[in-house]
2 protein chains.
Amino acid sequence: MPKFEFGGKEYNNPVELALDVIGGKYKMPILWRLKDKVWRYGELKKDLGKITHKMLTEQLRELESDGLIHRKVYPEIPPKVEYFITELGQKAIPAIETLRKFGHDFYVIKNAQPKIENKDD
Amino acid sequence: MPKFEFGGKEYNNPVELALDVIGGKYKMPILWRLKDKVWRYGELKKDLGKITHKMLTEQLRELESDGLIHRKVYPEIPPKVEYFITELGQKAIPAIETLRKFGHDFYVIKNAQPKIENKDD
DNA sequence: CTGCATCCTTGCCGATACTG
DNA sequence: CAGTATCGGCAAGGATGCAG
């Protein structure tokens, strides 16, 4: 699949598209949390730690418009909004899983080596 | 593994680290090509198409310093440089594979749906 | 509680020119 | 053929304030 178009944008391979859809700093962490539980906006905000209000809203909107998550609004005062992962969103989980594994392995390997050259000091 | 440090930078999860190491626009496409073949600089440049000279060199340097690829220089005129994937680099391949699969599935699904609401016009 | 708009900073990436 | 350096655009990400 060498070069194709989607959503008015050109991609050279499926990986580029995937990174557009679930890449970035927070999309995977969000999906990861939604994968087996429903979360409210405020819960996500608190649990993701450093994320700003703006970023969270932005990322949730993109995930929603790409069909990876679903948003349910309760017409109450004060407002209550819940986020669910969709079937399509579930398809992204394995990719996140293998990325996590690689990141973990990389970290472990890189931290296991530092002490091999200390014979003379 | 909630929040850790690596290479003087803070990460909230392994995914962030993974994306730093093999994310970006070209690192995965490069690794993907090196996975079962040795490539020369010029070959990569030609095959990757739109990538600029600067970007290719930059990405290759980062992959090398992270230990994912190895660089072999032949002291000849004109210069000849070959790039190999390392064992550590091989560990990134499954992650790229699942991302490719997701990107592909996403594309197929999104392009299969557009015609479901045409019963009345 | 949740959402939207604005402004600003940062860093990725591209274009171009020069070297051995 | 391969590498290095500089300049600058542009989009992602962050801070803050106002609104329903």
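A note on names: the letters A, B, ... follow the listed sequences, proteins ahead of strands, and every chain is numbered from 1.
- Side-chain contact, B/Glu82 with B/Tyr74: a donor N or O sits under 3.5 Å from an acceptor N or O.
- Distance from the side chain of A/Pro78 is smallest for C/dC1 among the nucleotides C/dC1, D/dA2, C/dC4.
- Between B/Arg71 and D/dA2 there is no side-chain polar atom (N or O) within less than 4.0 angstrom of OP1 or OP2.
- By the 30° and 60° cut-offs, the orientation of the rings of A/Phe84 relative to A/His70 is tilted.
- Between A/Leu56 atom CG and D/dG14 atom P there is a gap of 12 Å when expressed in whole angstrom units.
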Distances under 3.5 Å between nitrogen or oxygen atoms of protein and nucleotides 11-14 of chain C:
| unit_1 | atom_1 | unit_2 | atom_2 | d |
| --- | --- | --- | --- | --- |
| C/dC13 | OP1 | B/Lys25 | N | 3.2 |
| C/dG14 | OP1 | B/Lys25 | NZ | 3.1 |
| C/dG14 | OP1 | B/Tyr26 | OH | 2.8 |
| C/dG14 | OP2 | B/Tyr26 | OH | 3.3 |
| C/dG14 | N7 | B/Lys54 | NZ | 3.2 |
| C/dG14 | O6 | B/Lys54 | NZ | 2.2 |

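- Distance CD (B/Glu10) to P (D/dG14): 14 Å, rounded to an integer number of Å.
- Atom CD1 in A/Ile77 sits roughly 12 Å away from atom P in C/dT2 (whole-Å rounding).
- Across the protein-nucleic acid pair, A/Tyr41 atom OH and C/dG3 atom P stand 6 Å apart, rounded to whole Å.
- A/Tyr83 comes within 4.0 angstrom of sugar-phosphate atoms only, judged by non-hydrogen atoms across all strands, and of no base.
- A salt bridge is absent between A/Asp66 and B/Lys110; no separation between the charged side-chain nitrogens and carboxylate oxygens falls under 4.0 Å.
- Not one N or O on the side chain of A/Asp105 forms a donor-acceptor pair closer than 3.5 Å with the backbone of A/Val108.
- The aromatic rings of B/Tyr41 and B/Tyr83 sit tilted, their planes meeting at an angle between 30° and 60°.
- The nearest heavy atom of DNA chain D to A/Gly23 and to A/Pro79 marks one nucleotide each, and the one closer to the 5' end goes with A/Gly23.
- In this model, the phosphate group of D/dA2 is approached by a side-chain N or O of B/Arg40 to a distance below 4.0 Å at OP1 or OP2.
- Side-chain atoms of A/Tyr11 and A/Lys9, non-hydrogen and from C-beta on, do get closer than 4.5 Å to each other.
- Atom CG of A/Leu60 and atom P of D/dG13 are 14 Å apart (whole Å).
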